[in-house]
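Note sheet for the following structure.
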Number of protein chains: 2
Amino acid sequence: MADSPQYMTIGTVSKRTGCKVETIRYYERVGLLPAPVRSSGGHRHYDHDALKRLNFILRARRLGFTLDTVRALLSLADGEGESCVEVEDIAGKHLDEVRGKLEDLAALERVLTDMVARCRGGTMPDCPLIEALFEGGAAGRRDGWN
Amino acid sequence: MADSPQYMTIGTVSKRTGCKVETIRYYERVGLLPAPVRSSGGHRHYDHDALKRLNFILRARRLGFTLDTVRALLSLADGEGESCVEVEDIAGKHLDEVRGKLEDLAALERVLTDMVARCRGGTMPDCPLIEALFEGGAAGRRDGWN
DNA sequence: TCTGGGACCTGTAGTTACTACAGGTTCAAG
DNA sequence: CTTGAACCTGTAGTAACTACAGGTCCCAGA
């Protein structure tokens, strides 16, 4: 468990990034991370660049980008393309999506809060929450849920 | 295409609810919808109750409940259990989740907006968005993303 | 130097909630 | 009665992992 600062085992990378070992291997399999050098016994050894790249992926994933988008972002970062303009485009489209979801969630929070409030203090057989879900009321609004 | 008001084909149910035909059959397969009566030729025929039940499922899904939770909700609605108390419990737990997601998304929106703004108007080779993703900056914050 | 057991390996299958065929049958309008 | 849209079943694919099973490797302690 004493890997040098420049060569880390997959377990160390996992601990440092908070990304599961299986997920790291998965990212390699789908081509997001390059295949690292191996020990004579076949164990993966990662350097600092790999750590940076993995952090990039994780950060982008946390921001809700799909793996395909992350792939595009990485190839831009790797130097293909005019960078900034394309990146802004990708991020801008993503931002629109995020704003839509945000609206939906806000509406949802209102509905749930309201439901729970009306529910509280009753063991009545006709639960207002179930009722609301069955009858609709304010639950709908934004369409397009195929 | 002239099904009576009480007996609808799966296609009609699909149009009325906005739920895809395949998804309706899927809900039947996983036990969320009861198997409907069939025509002599084997076509499904739905009544108004099935429509109500499907709408319940869709609304609950739209509110972000998992199918397992929907199943639980439906069995409560179907009469097992003390109803209100349990329903409130399920909804309350769900509300916590929703509030968490809401916070995350709000933070995410700020970061993305900021990134896009900094990106705008530059064809510089060092894109600040890519930079931000690589270096971290304000992108993180709420941990626990395994 | 030996050894025990934790960390690592590959490959495959499972997860959630659908979606998309392929290949065949039924229904109803004209 | 024909025709073609809508229906049927069953299987496989999707995203993005996650979880085994059944092995091999590595290294700290005795």
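Numbers restart at 1 for each chain; the letters A, B, ... are given by sequence-line order, proteins then strands. Fair warning: this is a prediction, and the values are worked out from it, not measured in the lab.
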Notebook entry, point to check: For D:dA16, does OP1 or OP2 lie under 4.0 Å from any side-chain N or O of A:T23?
Noted result: no

Next item on the list: Would you classify A:R61 as touching base, sugar-phosphate or nothing, given that sugar-phosphate means primed atoms plus P, OP1 and OP2, and contacts are heavy atoms under 4.0 Å?
Entry: sugar-phosphate

Check: DNA chain C: B:R29 or A:I10, which has the more 5' nearest nucleotide?
Finding: A:I10

Check: Do A:R99 and B:T113 have side-chain N/O donor and acceptor atoms under 3.5 Å apart?
Finding: yes

Note to self: So, does A:Y27 get its side chain near the phosphate of D:dC17, meaning an N or O under 4.0 Å from OP1 or OP2?
What the structure shows: yes

Notebook entry, point to check: Can a side chain N or O of B:R71 be found less than 4.0 Å away from OP1 or OP2 on C:dA17?
Noted result: no

Next item on the list: Answer yes or no: is there an ion pair linking B:R71 with B:D68, defined by an N-O contact shorter than 4.0 Å?
Entry: yes

Check: At under 4.0 Å, does any side-chain N or O of A:T9 touch on OP1 or OP2 of C:dC8?
Finding: yes

Next item on the list: Could you check how far CZ of B:R25 sits from P of D:dT11, rounded to whole Å?
Entry: 15 Å

Note to self: Could you check whether any side-chain N or O of B:S14 sits under 3.5 Å from a backbone N or O of B:C19, counting only pairs where one atom can act as donor and the other as acceptor?
What the structure shows: yes

Check: Picking from C:dC27, C:dC18, D:dC17, which would you name as closest to the side chain of A:L67?
Finding: D:dC17

Checklist line | Salt-bridge contact A:K93-A:D89 (side-chain N to carboxylate O under 4.0 Å) | finding: yes

